[in-house]
Trainee: 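Mind having a look at this structure? Questions to follow.
Proteins get letters first, then strands, A, B, ... in listed order; numbering begins at 1 in each. Nothing here was measured: the structure is a model prediction, and the numbers come from that model.
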There are 2 protein chains.
Amino acid sequence: MRRPTIADIARRAGVSQAAVSFALNGRPGVSAATRDRILAAADALGWQPNTAARSLSAAAAGAVGLAVARPARTLGVEPFFMQLISGIQGELSERGYALLLDLVEDVHAEASVHRRWWAERRVDGVLLVDLRTGDPRPRVLREIGMPAVLAGGPDPTGAVPGVWVDDARAMTAVVEHLHGLGHEHLAHVSGPPGMAHSAHRAEAFTAAAGPRAARAATDFSDAEGAVATRGLLRRRPRPTAVVYDNDVMAVAGLSAARQAGLAVPGDLSVVAWEDSALCRLTHPTLTALSRDPFRFGAAAAARLLDLVRRGPGGGGAGDTEFELPELVVRESTAPPRPNGG
Amino acid sequence: MRRPTIADIARRAGVSQAAVSFALNGRPGVSAATRDRILAAADALGWQPNTAARSLSAAAAGAVGLAVARPARTLGVEPFFMQLISGIQGELSERGYALLLDLVEDVHAEASVHRRWWAERRVDGVLLVDLRTGDPRPRVLREIGMPAVLAGGPDPTGAVPGVWVDDARAMTAVVEHLHGLGHEHLAHVSGPPGMAHSAHRAEAFTAAAGPRAARAATDFSDAEGAVATRGLLRRRPRPTAVVYDNDVMAVAGLSAARQAGLAVPGDLSVVAWEDSALCRLTHPTLTALSRDPFRFGAAAAARLLDLVRRGPGGGGAGDTEFELPELVVRESTAPPRPNGG
DNA sequence: ACGGGTTTATGAACCGGTTCAGCGACTTCC
DNA sequence: GGAAGTCGCTGAACCGGTTCATAAACCCGT
């Protein structure tokens with residue numbers, strides 16, 4: 001019960017291996033009648049291409065990689081990633097590509113995974129997430145010449161094309177919403193300043209809310225989100241609204257505020273950057289900035305496959321803008337109490 | 001700037017390709033001196049094996065697959081999965097294996113992904129999660145003869161070896177803890193009865209808490225967790241403690257209880273089956289059953305690689321028990337109020 | 001000095017596809 | 001009717017490793 005190969009098909013259909021290959025790949029060189037006979041034989045034998053053999057001659061792996069450099073602890077809690085992966089997956093499997101996943105320590109480890117994958121010809125390209133300031137990855141990728149797309153770009157060095165969201169405009173919209181409700185003392189709990197998108201948002205926040213608005217940086221974890229919240233709430237004037245850079249920290253901030261004896265949204269309005277089930281789990285439910293990570297992942301994957309198929313030097317190095325996230329207003333934002341602050 | 005191949009190494013070291021292959025794989029047939037020369041040449045050229053070529057002759061893919069049939073929505077919220085994957089990943093990359101991930105609709109789609117992966121020789125084996133009652137996957141896997149390990153077994157059909165946790169014993173421990181606190185009216189919010197481990201736990205709950213204890217089944221989502229909670233709280237006598245089959249539902253239940261005007265743990269004690277950051281995010285923090293998904297994943301992956309290396313018919317079909325989860329008591333469980341119920 | 005055994009190295013086949021030069025047979029055109 | 005072109009198909013090389021039969025070189029004891 002050996003796996004059938006094209007040789008078996010050729011024998012059964014009474015043709016050469018080359019003819020079988022042509023027929024199976026829908027290229028000219030065989031008559032319609034012969035093609036049908038070959039396809040019927042392949043079908044009867046239950047033939048499937050051996051990826052290794054195909055990769056070897058085609059010099060393409062039929063797979064793309066995603067290495068993620070975040071502690072599994074944080075990764076797991078953020079629904080964002082799974083949805084992103086799910087979106088990527090959908091796009092890939094539709095075109096017969098597989099997804100290789102690797103969870104690593106940091107961006108340097110990620111860069112070496114990329115190197116290895118490329119050297120071993122395990123993947124045809126990679127997706128990048130979480131660009132850091134001074135990130136080594138774009139440089140490495142350009143050096144080895146592997147196709148790559150940055151989900152969450154744009155890459156300031158321009159080495160890697162990106163699918164990106166206009167965080168600055170989104171942040172402005174959030175701040176305007178809070179201003180519109182009458183809030184004057186805003187605060188922002190950001191992720192690590194080393195992450196490019198985090199830094200962007202922080203800048204945009206300051207630009208929109210004014211240089212005296214309160215800010216705190218964290219590692220995106222619930223723990224630091226809570227600590228940052230406590231710190232901000234001790235300030236005078238006390239902020240009446242906080243924007244959190246992810247959903248997990250917003251939930252943690254909610255708990256922290258409650259423990260400090262503050263009502264949400266009465267004493268404090270809360271906005272989460274990423275929308276997810278988490279934001280609907282809490283009481284009150286959280287106002288959140290909602291983008292569709294599923295479609296975002298799909299867009300990035302599509303862009304990558306495009307790049308892969310174009311081959312090296314195929315142009316199309318530009319960035320693609322993804323739709324602006326939408327602010328979903330729920331229970332956690334309201335006008336500040338007149339006696340608050 | 002072509003990628004170096006063993007032919008290049010052979011030329012540089014002045015030996016045959018076969019000698020290079022022997023040297024690089026640490027097998028006998030070359031002298032120590034020649035071996036060193038070859039390794040130096042390989043190093044100088046920056047050689048890495050081409051996985052496709054290696055797979056083709058070795059008839060091994062150097063990768064294992066994980067197809068998950070759960071909606072991305074639920075998957076994302078449960079930290080469990082990412083940690084599990086992270087654990088799997090750690091074990092795999094240590095031994096040079098890659099992980100293929102696929103998110104699919106249901107177990108039937110999963111079975112066809114398995115079929116395709118195996119036919120294409122993309123993977124050497126797969127990991128299974130979420131065994132269903134009457135699950136088609138063990139049958140298919142046995143039919144095609146692909147190595148597989150069930151994370152969360154055991155498989156009642158015995159077709160697939162599993163790494164499993166004694167849920168029944170764990171459930172008994174939880175119920176005893178609640179009994180010990182003085183609770184008499186317990187309830188259990190389980191996952192879908194179609195999931196084997198969920199069914200197991202439900203049975204164990206009934207065995208330990210008595211046939212009249214309240215039970216509700218859900219799809220593991222926060223939404224159904226909340227609905228189930230509201231239903232249980234309308235019962236008379238009202239349960240004073242609820243055991244949730246995952247962390248997400250426990251959090252949702254917490255909100256539902258609060259909205260119903262009940263204090264936790266004063267009026268209602270809450271236990272979550274899976275421990276995660278989520279359980280520490282809430283207020284009060286949740287008492288939870290904690291197993292280490294990271295090490296659990298690692299154990300399952302190790303078992304699979306073992307099976308893969310043993311080759312077909314290599315025996316070792318037995319199940320492996322993983323350590324019993326530990327009950328981490330936090331703020332959400334306390335003795336019932338004497339005037340409660 | 002010689003037979004037997006071990007160590008070291010080689011050439012060539014092989015894994016399962018893809019691809020291309022080449023070759024009949026058949027059509028087309030003048 | 002013969003040159004030119006097209007169509008359908010084949011044989012063989014090729015991708016980059018692994019492996020095995022075989023041979024050359026070396027070691028040993030007698």
Side-chain angles (χ1 to χ4, degrees), chain A residues 2-39 41-42 45-63 96 116-122 124 311, chain B residues 1-39 41-42 45-63 96 116-122 124 309 311:
Chain A
R2 215 180 73 273
R3 260 172 47 75
T5 72
I6 53 167
D8 298 320
I9 301 177
R11 211 170 306 121
R12 191 178 228 263
V15 294
S16 68
Q17 289 198 22
V20 174
S21 179
F22 291 145
L24 293 171
N25 291 294
R27 30 179 83 230
V30 282
S31 66
T34 311
R35 181 183 307 273
D36 288 350
R37 198 150 37 87
I38 292 174
L39 293 181
L45 294 171
W47 178 86
Q48 294 281 112
N50 175 320
T51 9
R54 186 165 268 182
S55 300
L56 186 55
S57 42
R116 186 164 46 77
W117 275 349
W118 187 241
E120 295 179 348
R121 284 290 182 274
R122 255 200 211 271
D124 296 322
Chain B
M1 264 297 288
R2 219 181 69 274
R3 263 172 44 76
T5 71
I6 53 166
D8 299 318
I9 301 177
R11 212 170 306 122
R12 191 178 227 263
V15 294
S16 69
Q17 289 197 23
V20 174
S21 179
F22 290 146
L24 292 172
N25 292 295
R27 28 181 83 228
V30 282
S31 65
T34 312
R35 182 183 307 273
D36 289 349
R37 201 149 37 86
I38 292 173
L39 293 181
L45 293 172
W47 179 85
Q48 294 280 114
N50 176 320
T51 9
R54 186 166 269 180
S55 300
L56 185 54
S57 43
R116 185 164 46 76
W117 274 348
W118 187 241
E120 295 179 348
R121 284 290 183 274
R122 257 200 209 272
D124 297 321
R309 254 189 316 241

Trainee: Which donor-acceptor pairs under 3.5 Å do side chains of residues 30-38 of chain A form with protein atoms, sequence neighbours excluded?
Mentor:
residue : atom : partner : partner atom : Å
A:Ser31 : OG   : A:Thr34 : N            : 3.3
A:Ser31 : OG   : A:Thr34 : OG1          : 2.7
A:Arg35 : NH1  : A:Ala23 : O            : 3.4
A:Arg35 : NH2  : A:Arg27 : O            : 3.2
A:Arg37 : NH1  : A:Ala13 : O            : 2.3

Trainee: Listed in order of residue number, which residues of residues 22-33 of chain B have a non-hydrogen atom at under 4.0 Å from DNA chain C?
Mentor: B:Phe22, B:Gly29, B:Val30, B:Ser31

Trainee: Are there runs of at least three consecutive Watson-Crick or G-U pairs touching DNA chain C, with each pair's two distances under 3.5 angstrom? Give them by first number.
Mentor: C:1-30 with D:1-30

Trainee: Rounded to the nearest 0.5 Å, how far does CD of A:Gln48 lie from CZ of B:Arg121?
Mentor: 11.5 Å

Trainee: Minimum heavy-atom separation for B:Arg12 and B:Ala41, please, with both atom names.
Mentor: CD-CB, 3.9 Å

Trainee: Identify the 5'-most and 3'-most nucleotides of DNA chain D with at least one atom closer than 4.0 Å to a non-hydrogen atom of chain B.
Mentor: D:dG16 to D:dC20

Trainee: For A:Val20, answer base if it contacts any base atom (sugar-phosphate contacts may also be present), sugar-phosphate if it contacts only those atoms, and nothing otherwise; contact means non-hydrogen atoms under 4.0 Å.
Mentor: nothing

Trainee: Name the atoms and distances for all side-chain donor-acceptor pairs under 3.5 Å in residues 49-58 of chain B, with sequence neighbours left out.
Mentor:
residue : atom : partner  : partner atom : Å
B:Asn50 : OD1  : B:Ala52  : N            : 2.7
B:Asn50 : OD1  : B:Ala53  : N            : 3.1
B:Thr51 : OG1  : A:Glu120 : O            : 2.3
B:Ser55 : OG   : B:Thr51  : O            : 2.7
B:Ser55 : OG   : B:Ala60  : O            : 3.1
B:Ser57 : OG   : B:Ala53  : O            : 3.3

Trainee: Name all residues meeting the side-chain contact (heavy atoms from CB on, under 4.5 Å) criterion together with B:Ala61; count only those two or more places apart in sequence or in a different chain, and write none if there are none.
Mentor: B:Asp124

Trainee: Mind checking A:Ser21 for me? I need base, sugar-phosphate or nothing, with any heavy atom below 4.0 Å counting as a touch.
Mentor: base

Trainee: Starting at CZ of B:Arg11 and ending at C1' of C:dT10, how long is that distance when rounded to a whole Å?
Mentor: 16 Å

Trainee: In chain order, what residues pass the side-chain contact (heavy atoms from CB on, under 4.5 Å) check against A:Ala7, with sequence neighbours excluded?
Mentor: A:Thr5, A:Arg11, A:Gln17

Trainee: My understanding is that only residues two or more places apart in sequence, or in another chain, count here; which of them pass side-chain contact (heavy atoms from CB on, under 4.5 Å) with A:Ser21?
Mentor: A:Asn25

Trainee: Of the residues in residues 47-62 of chain B, which ones touch DNA chain C at a heavy-atom distance under 4.0 Å?
Mentor: B:Leu56, B:Ser57

